[in-house]
Amino acid sequence: MASPLIETRGIVKDYRLGSHRVHALRGVSVTIHPGEFVAVMGPSGSGKSTLMNLLGCLDTPTAGRYLFEGEDISNCSPDRLARIRNKKVGFVFQTFNLLPRMNALENVELPLLYNGTLSRDRRPRARARLEAVGLADRAHSSGWPSRAP
Ligand code: ADP
Ligand code: MG
């Protein structure tokens, strides 16, 4: 079998809430291979979002190890994490996290700017992605949710 895409070994995440410490994850070990389809389920407050933030390289664990494609990223710098996200991670957020001053097309295009895609290639690639998900007609809608129907 191919080597794992995602492998966590006893990852722990604590949040500090004033003088209080919240144990959001208490040692989670999970192995996910390329092509696997995995759902994380559990009651509200059980740590799903915390785990997704770690797996998605948005945050680093308090303890334990996280290997992404075999690379230990438990203690990665924010810059390195941003690079991994840009190249390897797709995230659909519960809140859209769109940049409000940009339209949909520009929002899709932005990661291509960061990864060094040539400017003449960015626009057609972004347009093709919007088309692929049936949003071609919304290309010029602003990032703000519209109030009018
Ligand atoms: P879920 O997504 O399953 O509802 P979360 O990962 O959001 O769970 O939360 C897990 C626990 O961590 C909860 O007790 C929550 O209150 C706490 N928590 C989440 N984020 C923070 C934070 N930024 N600061 C302090 N506590 C947090
Ligand atoms: Mg959640």
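Start at 1 and go down the list; that is how both ligands and their atoms are numbered.
Using the six-membered ring where Trp is involved, Phe68 and Tyr66 have ring planes that are perpendicular, over 60° apart on the 30 and 60° scheme.
Between the side chains of Ser77 and Asp79, no donor-acceptor pair is found at a separation under 3.5 Å.
Residue, atom and distance of the protein heavy atom nearest to atom 9 (O) of ligand 1 are Thr50 OG1, 4.0 Å. Closest to atom 7 (O) of ligand 1, if we only count protein heavy atoms, is Ser49 CB, 3.8 Å. The protein heavy atom nearest to atom 12 (O) of ligand 1 is Ala24 CB, 3.5 Å. With respect to atom 27 (C) of ligand 1, the closest heavy atom belonging to the protein is Tyr15 CD1, 3.2 Å. Ranking protein heavy atoms by distance to atom 17 (C) of ligand 1, first place goes to Val22 CG1, 3.8 Å.
The shortest N or O to N or O distance between Arg16 and ligand 1 is not under 3.5 Å.
Under a cut-off of 6.0 angstrom, the local environment of CD in Gln94 is sparse, with at most 12 non-hydrogen atoms contributed by other residues, nucleotides or ligands. Heavy atoms from other residues, nucleotides or ligands lying under 6.0 Å from CG of Asp137 number more than 12. Environment of CZ in Arg83: sparse, with no more than 12 heavy atoms of neighbouring residues, nucleotides or ligands closer than 6.0 Å.
Atom 15 (C) of ligand 1 is not flagged as protein-proximal [any protein heavy atom, distance under 4.0 Å].
Follow the hydrophobic side-chain contacts under 4.5 Å out from Val40 and you reach Ile6 in the same cluster.
The closest side-chain heavy-atom distance from Leu5 to Ile32 is not below 4.5 Å.
Under 4.0 Å from ligand 1, the heavy atoms of Leu17 that appear belong solely to its side chain.
For the atom pair Leu105 CG and Leu110 CG, the distance stands at 11.5 Å (nearest 0.5 Å).
With ligand atoms numbered from 1 in the order given, ligand 1 contributes 3 (O) to contacts under 4.0 Å with heavy atoms of Pro43.
Distances from atom 4 (O) of ligand 1 to the heavy atoms of Ser46, Gly47, Gly45 show the closest one on Gly45.
Among the backbone and side-chain atoms of Ser44, none of the N, O or S atoms lies under 2.8 Å from the Mg ion (ligand 2).
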